[in-house]
Protein chains: 2
Amino acid sequence: MTEPKTPDAATPADPAKKHGRDGKSNATIYDIARIAGVNASTVSRALSKPGRVSPKTQKLIEDAAAELNYHVNPFARALPTGKTNTFGLIVADITNPTFFDIIRGAETTATERDYTLVLAESAESPATELTAARRLMATVDGLILASPRMDDDNIRALARDKPVVVINREVEGVPCVVPDVHKGLSEAVRSLAGNGHRRIAYVAGPPQSWMSERRWEGVQAACEWSRLEAVRLESTKPTVDGGRQTARDVRASGATAVLTYNDLLAIGLMQELQAAGITVPDQISIVGFDDIFGADFTTPPLTTVRSPLGECGAGAATRLLDLLHGTGEPAGTLSVETELVLRGSSGRILSA
Amino acid sequence: MTEPKTPDAATPADPAKKHGRDGKSNATIYDIARIAGVNASTVSRALSKPGRVSPKTQKLIEDAAAELNYHVNPFARALPTGKTNTFGLIVADITNPTFFDIIRGAETTATERDYTLVLAESAESPATELTAARRLMATVDGLILASPRMDDDNIRALARDKPVVVINREVEGVPCVVPDVHKGLSEAVRSLAGNGHRRIAYVAGPPQSWMSERRWEGVQAACEWSRLEAVRLESTKPTVDGGRQTARDVRASGATAVLTYNDLLAIGLMQELQAAGITVPDQISIVGFDDIFGADFTTPPLTTVRSPLGECGAGAATRLLDLLHGTGEPAGTLSVETELVLRGSSGRILSA
DNA sequence: CTGCTTTTGTCAACCGGTTGCCAAAAATTG
DNA sequence: CAATTTTTGGCAACCGGTTGACAAAAGCAG
C-alpha cells in the first residue's frame, strides 16, 4: 500500500483517503492504486500506455479497474493532454436535408473510431459560423465545416489552431472533401441531349456559394461538349420557395430543360410550373442536385444528380481523424463522384 | 506584482513564469494576475463571481483579460466544478426528418442560453442508445432523449446521475415533453367525418413505440366521439417502404380514410395506391402525422397532424437548462398541442 | 561474480481553473 | 477614538489525470 514519503502539510493528500467512495462517487486512479498496491502514476500509465508497465502489474490494475467500474474522467485527461476524443461539425442550416447524410456519415465514422460528434449550425451567417467555430475549438480535437460561409482566410486561421476539414468547398492549404460535379452533370446533360433538348437553363444558388459556381461551370462544360445552349438564371434563396419564384424566368428563358443548384429549387419550380398547368416532363424536364430526402416524393419523382453526402461526411471525418492521429494529408481535395439518378421528372420533350 | 511567499521547491511554481507567452499559447488567469497585480484566485473570482471582488479590482482584471484576449479553458473549469455548458441529445434515427425540427429547436435554445449541443443517435437500438447515453453522460451537464427506445428503468437510472428530459414519451419520475395527440387527431377525425367518411383505418408504428399506442388510443377516442368505425392495421417499419407495404391491407380493410402513425407511412401508402390507379383523395383520403419536411412535396400535398417538433426540441432544452439551474420541475409532462394541417390528400369521398 | 544496461515503479510537478479558510484592511457603531 | 463587524484579497489545497526524471530491481554479457 503506498504511503506519501513526507506526510507533512506541504505534501498533497491522497485523494482516495480524502473521499469516501460510498454512494455514487465514481472511482479514480487513486482508488485503483490502493486496491492494486501501486502508485497512481503507475495506474495512469497502465491505462494509457499499457506497454510501459509489467504484464503482472497491468493485470492487477485492469482487474481493480473492472472491480470498481472505473471510467476515466474526460476533463482530467483533457487538461494535461488537450485531447477529448471529440470533433465538431458545423453545418449551414440544420433543417436543410442536404446536411443530414453528411451528419449521418460523420456520426457513423465518429462512433467507429470511438469519437463523439458535436454539432452546431451557422444559420447561413459567416459571422455566426466563425463564432460557433471559435467556441467549438475550445473543447474539440478538430473541426469539420460543411458548406462554410466564412472566407478562406478565416478557415485557414482556424486550421492553424486545430485540424480542420472542409466539405463542399476547396480552400487552399486546408484538406477538403468535394463532390465532383462533372461526372453527374455530364450524365445529366448527356441524358437531356439524348432526349432532344437543345436549350438548358441553370438555376443558380446563393451568390456566395462556391459550389453553385462549380455547378454552373460544370453545366457549361457539359453543354459545350454536347453542343447545347446553356443559360443561367438567378434565384433569391436556395429553398422550395426560391424555386417557385424562378418559374416565370424559366418560362421566359425558352429552355426545355432545367438544371437547378439543388433539389429544393427543383421541387419548388416543379410545383409552380404544375400549378400553371405545365406538364413535367412532357413540356419541360427538371433535374435537381444532391438527391435529398424527399426528392422522390414528388409526382413525377425528381431526376437529380446525387451527391454521395454520406460519403462526404464519412470521408471528412476520416480525414480529420487521420490528421489527429498524424497519418493524414494536411491539404488537398478528396473528390467523391456524383451520379445521375433518373426518375420521372426528365424525359423526351413532347410538345414544341 | 505577486510573488510566492516561500519560493522553495515545495511551493508550486507560478505557471505564467513557467510559460513563455509568445506565439500561440493562450492566456491563463496567471497571466491576467501578473498584469492586474493580483492573485490568480482573485482573477478566478472576478471572472466567475464578479460581486466577490471590489469594483476597482474587477475592472483591472476585466481590462487585462480583454488585453490578453483571454478565454477560459473549459477542461480546467470542468475538473473542479463538473460543469461544461453542454447538453446531449440522442435521437433514434438522424436521417428521419421527424427529428430535424427537434434538433433545430434544441440547438436554438442551446445557443440562446450559451450552451453547446452534442448530438448522437441510437439507430433504433435500445442497447446502442444506452451505450451512447452513458458515454455522453461523462462530459455533458444533462441529456435529452428523443423517442427513446430503452426501457423506463434505464431512463430513470440515467436521470439519477444527471438531469434527463424525454421527448415523445412519458416516463414516471422524469420530465417529459410530449405532443398532445388528442387535439390534432380530433380535428382530423372531425374533418373526415364531415367529409362523409365512416370507416377509418389506423396504420400503426413500431410495436415498441409508446407514441404509436398513444396515437391509436387518440384515434379510437376521436372515432368513438364521432361515431366512426376505427380499424387498426400493422406496419413492418415506419418508413416510406413500410407504407407501401400496407397498401394491400388498407384496400382490404374497406376503409375510405387512413390515418397513419407518421408521414413516411402516409407518403409510401399514397405512392403505392396511386401506382394502383387509385385517386387520392377522391377514392381514399390519407392523413399523416408530424408534418415532416417533404410532407408537402407529394401530389396532392399530404394532409397531416402537425406535431410542433421545434417546440418540443426547444421545450425539452428549456426544461433541461432550468433543471440545471435549479429552477425546473423535476418530473411531469409538458404537453404541446398538435393541430391538423389540411392539404390536398384528404377530402370528400366521391365514389362508393 | 561483477559491471553494465534495461526495465519498471515511484516521486512530484504539472495542466488551469475553483474555493474554503484566514487575516488584513476598511467600514460602521457606540 | 476604540471596538466590532464586514469586506476583500491571498494562501494553498484541490479537481483527476499525465509524464519527465530518477532510482531500485532485474537481466545480461564478459
Side-chain angles (χ1 to χ4, degrees), chain A residues 1-19 25-33 36-58 60-61 65 70-84 138, chain B residues 1-19 25-33 36-58 60-61 65 70-84 138:
Chain A
M1 198 71 71
T2 79
E3 298 278 343
K5 189 184 281 183
T6 52
D8 58 3
T11 303
D14 185 343
K17 282 184 181 128
K18 185 73 168 302
H19 292 293
S25 297
N26 293 320
T28 71
I29 58 174
Y30 298 91
D31 301 309
I32 296 171
V38 295
N39 198 273
S41 56
T42 304
V43 176
S44 179
R45 284 211 166 84
L47 298 175
S48 60
K49 288 180 169 63
R52 179 61 176 77
V53 304
S54 70
K56 179 178 160 225
T57 304
Q58 183 76 33
L60 278 175
I61 289 167
Y70 167 82
H71 295 284
V72 68
N73 182 318
F75 312 131
R77 177 166 280 180
L79 188 50
T81 65
K83 305 285 185 200
T84 58
Chain B
M1 197 74 67
T2 77
E3 298 277 343
K5 189 185 279 180
T6 52
D8 58 3
T11 303
D14 186 342
K17 281 189 182 125
K18 184 70 167 301
H19 294 292
S25 296
N26 293 320
T28 72
I29 57 174
Y30 297 91
D31 301 309
I32 295 172
V38 294
N39 198 273
S41 57
T42 304
V43 177
S44 178
R45 286 206 169 88
L47 297 175
S48 62
K49 290 183 166 62
R52 180 57 175 81
V53 304
S54 71
K56 179 177 161 226
T57 303
Q58 182 75 34
L60 278 175
I61 288 167
Y70 168 80
H71 293 284
V72 68
N73 182 319
F75 312 133
R77 177 166 280 179
L79 188 49
T81 66
K83 304 287 182 199
T84 58

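Note: hydrogens, waters and symmetry copies are ignored here, and every other heavy atom, side chains too, is used.
Taking atom CD1 on A/Ile32 and atom P on C/dG9, their separation rounds to 15 Å, with Å as the unit. The CG atom of B/Asp31 sits 9 Å away from the P atom of C/dG16 (whole-angstrom rounding). Between B/Lys56 atom NZ and C/dA26 atom C1' there is a gap of 13 Å when expressed in whole angstrom units.
Considering only heavy atoms from C-beta on, A/Tyr30 stays 4.5 Å or farther from A/Val43 through its side chain. No side-chain heavy atom of A/Leu47 sits under 4.5 Å from any side-chain heavy atom of A/Val72. With a 4.5 Å cut-off on side-chain heavy atoms, A/Asn73 and A/Thr28 do not count as touching.
Nearest heavy-atom pair across B/Ala138 and A/Pro74 is O-CG, 3.7 Å.
How far NZ of A/Lys49 is from CZ of A/Arg45: 8.0 Å, rounded to the nearest 0.5 Å.
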Protein-proximity profile, nucleotides 17-24 of chain D, B/S/- by nucleotide at the 4.0 Å heavy-atom cutoff, equals BBBBB---
